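Note sheet for the following structure.
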Amino acid sequence: MRVIVPVLTVLAVIVALWYAACIPMNVKGVLTEAERAGAEVNPPGAKDRRDLGAFGLVLGNSFAIPATWEQARPRLPAPHQVANELWNTTVMKKITSKRSLVYHGWVTLSATLLGFAIGTGLGILLAVGIVYSRVMDMSVMPWAIVSQTIPIIALAPMIIVVLYSIGVQGIIPKAIISAYLSFFPVVVGMVKGLRSPDAMQLDLLRTYYASSAQGFWKLRLPSSMPYLFTSLKIGIAASLVGAIVGELPTGAVAGLGARLLAGSYYGQTVQIWSALFAAAILAATLVAILSVIEQRVLKRMGMA
Amino acid sequence: MTFSRTNITALIAGLLGVAAISTFGENKIEIITILMCWAVLWFANVKLAHSGWKHARWLAPLLFGATLLLLWELTVAFFDVPLVILPAPSLIAMRFVQSIDILWQDFVQTILKGGLSGYIIGCGAAFLTAVLVDRFDFLRRGLLPVGNFMAALPIVGTAPILVMWYGFNWQSKAAVVVVMVFFPVLVNTVAGLRETSAMQRDLMSTYAANYWQSFFKLRLPAAMPFVFNGLKIATTLALVGAIVAEFFGSPTVGMGFRISTSVGQLALDMVWAEIVVAALAGSAFYGVVAMAEKAVTFWHPSQREK
């Protein structure tokens with residue numbers, strides 16, 4: 001209760017603000033349509049209205065307020081329009097339909113998961129290499145850290161086109177972008193995690209005459225788990241962004257990014273917002289799944 | 001231990017070499033040259049890393065970077081890799097020098113106008129919101145889960161909407177950056193403002209300090225490591241937002257615009273030159289924030305021990 005009531009209040013305030021913002025954002029379009037339909041508008045003529053502020057128009061034409069929440073192509077769709085569109089394009093459509101968000105979401109999700117698996121696997125391997133080899137630590141680790149400060153996503157359009165020109169297309173290029181976005185957070189987090197046992201614990205293993213491999217499996221790997229899960233959660237969110245951005249430059253026909261792009265070409269704002277919410281729900285679900293796994297695993301290991 | 005590991009490395013390199021030679025039979029000499037270069041430079045790096053020399057800490061990564069560049073250059077030169085797949089580093093460097101004017105204009109448009117203004121507005125707004133949220137416990141309990149949730153979302157997807165609202169010029173890019181940097185900075189600042197212990201707060205109240213005195217003298221300084229953590233995360237996000245927003249529409253200048261049109265023209269040397277600019281700008285931006293952090297949080301253990 002301590003959390004739910006404030007969160008619901010904040011969400012209610014956000015929805016209320018959203019509805020309120022729809023009025024000034026959409027009023028000009030509504031008035032133009034109303035005038036075409038023959039209604040009395042104050043002042044008449046789209047030209048005269050252009051220079052007026054949105055709030056003045058709302059005050060002068062209060063009859064138009066309900067219509068700002070019902071436009072077909074509003075500048076800012078109202079929450080219930082987005083919810084409607086989401087409902088219609090997920091539950092009401094067959095999932096094989098090209099207009100179903102489940103279909104587009106699956107296209108993006110499959111690239112995300114494939115990329116995430118590749119990126120995480122390679123990231124963990126590189127982290128192990130860095131922890132066990134002084135040369136790799138000194139020469140590779142600084143680059144892994146620097147790469148975090150680079151807007152690496154700028155590479156995305158090029159990767160798509162280059163892979164296309166050598167005949168690779170479909171899910172693989174998007175998965176590669178996803179993979180390298182999730183790669184570096186995992187490397188950095190995992191190196192931190194594998195180094196987290198302190199000198200006393202390492203010494204204890206040495207007094208047990210434990211081999212290097214035993215030290216890895218029994219001490220370093222288990223104690224890196226909290227760090228691993230933290231970076232996995234960052235990594236999967238980054239993977240999803242990568243898959244979405246990977247759909248932008250080539251004008252892909254399927255996927256959430258393609259829905260965003262098509263919506264922005266044709267001014268279908270409701271479509272953009274519903275794709276955006278679908279992506280948000282997808283991201284939240286993926287992170288939530290990882291959190292549940294994290295809790296289970298850490299509890300099992302006696303760490304949480 | 002070191003000796004055996006070097007042996008294993010050599011063995012793997014040798015096997016790879018044999019495999020490569022048997023695949024590209026006609027290019028034996030080129031392959032051997034590339035592998036030799038790799039082996040020699042890697043060996044030098046091993047020596048350097050184990051030498052214990054004080055400059056090794058920054059020389060080793062440089063040598064590794066130079067090794068990669070050299071191998072890249074050699075591979076492109078020996079196998080005539082076409083420009084549309086991978087331009088050689090030397091070609092990219094030439095393109096960079098020749099197009100420095102265009103690159104500078106793109107840099108000003110995307111980074112300075114779009115990225116930096118959005119960064120300042122977004123971080124400022126997030127900071128003020130955080131102070132407000134911290135003042136009222138109800139707001140904190142309500143907004144923080146929402147903020148945490150928002151920070152994990154693919155916010156870059158708002159770019160087409162904001163481009164539609166604010167037009168094609170840099171204002172829309174700044175708006176995308178504002179939305180992107182807001183939540184990480186908010187969440188980190190709120191966490192930081194709660195960092196003081198009850199004992200420290202009690203001490204302030206025994207001094208009869210009012211809310212703002214204890215805020216400026218105790219809680220704000222204590223929050224600074226967290227604030228800077230958020231600011232550092234936000235630097236990368238700002239550049240990502242400014243560049244990706246240009247994919248949805250831009251004037252005929254800007255880094256995102258140049259990347260997407262150059263990819264369309266298969267002028268990959270230009271794309272790489274822009275990526276170099278993005279990398280330099282990103283590291284410099286991060287570096288400036290990290291230096292400011294060092295100056296402000298000089299008292300923090302993580303800054304002192306170095």
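Order of the sequence lines sets the chain letters (A, B, ...), proteins ahead of strands, with each chain counted from 1. Model, not experiment: these values are computed from the prediction.
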Counting heavy-atom pairs under 4.5 Å to chain A, which of [options] comes out on top?
options: B/Ala281, B/Gly142, B/Gly282; value: B/Gly142
options: B/Gly65, B/Gly241, B/Gly264, B/Gly256; value: B/Gly65
options: B/Ala238, B/Ala278, B/Ala159; value: B/Ala278

Does any backbone or side-chain atom of [X] lie under 4.5 Å from a heavy atom of chain A? Answer side chain, backbone, both or neither.
X: B/Leu143; answer: both
X: B/Ile85; answer: both
X: B/Val146; answer: side chain
X: B/Leu86; answer: neither
X: B/Ser283; answer: both
X: B/Val263; answer: both
X: B/Tyr286; answer: side chain
X: B/Thr158; answer: both

Less than 4.5 Å to any heavy atom of chain B: does that hold for the side chain of [X], its backbone, both, or neither?
X: A/Leu11; answer: side chain
X: A/Leu155; answer: both
X: A/Met25; answer: side chain
X: A/Val10; answer: side chain

Could you measure the distance from the [atom1] atom of [X] to the [atom2] atom of [Y]? Nearest 0.5 Å is fine.
X: A/Ile244; Y: A/Ser178; atom1: CD1; atom2: OG; answer: 9.0 Å
X: A/Glu85; Y: A/Phe277; atom1: CD; atom2: CZ; answer: 12.5 Å
X: A/Ile289; Y: A/Ile236; atom1: CD1; atom2: CD1; answer: 8.0 Å
X: A/Leu261; Y: A/Ile272; atom1: CG; atom2: CD1; answer: 9.0 Å

What residue in A/Leu163, A/Leu76, A/Ile14 has the most heavy-atom pairs under 4.5 Å with chain B?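 Most pairs with chain B among the choices: A/Leu76.
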If you look at every heavy atom in A/Ala111 and A/Lys174, which pair is closest and at what distance?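 Shortest heavy-atom contact: CB-CB, 3.8 Å.
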Look at the rings of A/Trp18 and A/Trp273 and say which category their plane angle falls in: under 30° parallel, 30 to 60° tilted, over 60° perpendicular.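 Plane angle between 30° and 60°, so tilted.
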In the structure I gave you, are the side-chain heavy atoms of A/Pro142 and B/Leu62 within less than 4.5 Å of one another anywhere?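 A side-chain contact is absent here, since even the closest heavy-atom pair is not under 4.5 Å.
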Any side-chain donor paired with an acceptor under 3.5 Å for B/Ser262 and B/Glu274?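 Side chains of B/Ser262 and B/Glu274: no pair found under 3.5 Å.
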Tell me, please, which residues at least two apart from B/Asp134 pass side-chain hydrogen bond (donor to acceptor under 3.5 Å, both in side chains).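 B/Asp134: side-chain hydrogen bond (donor to acceptor under 3.5 Å, both in side chains) contacts with B/Arg219.
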Does a side-chain N-to-carboxylate-O contact under 4.0 Å join B/Asp137 and B/Arg140?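 A salt bridge is present here (some side-chain N lies under 4.0 Å from a carboxylate O).
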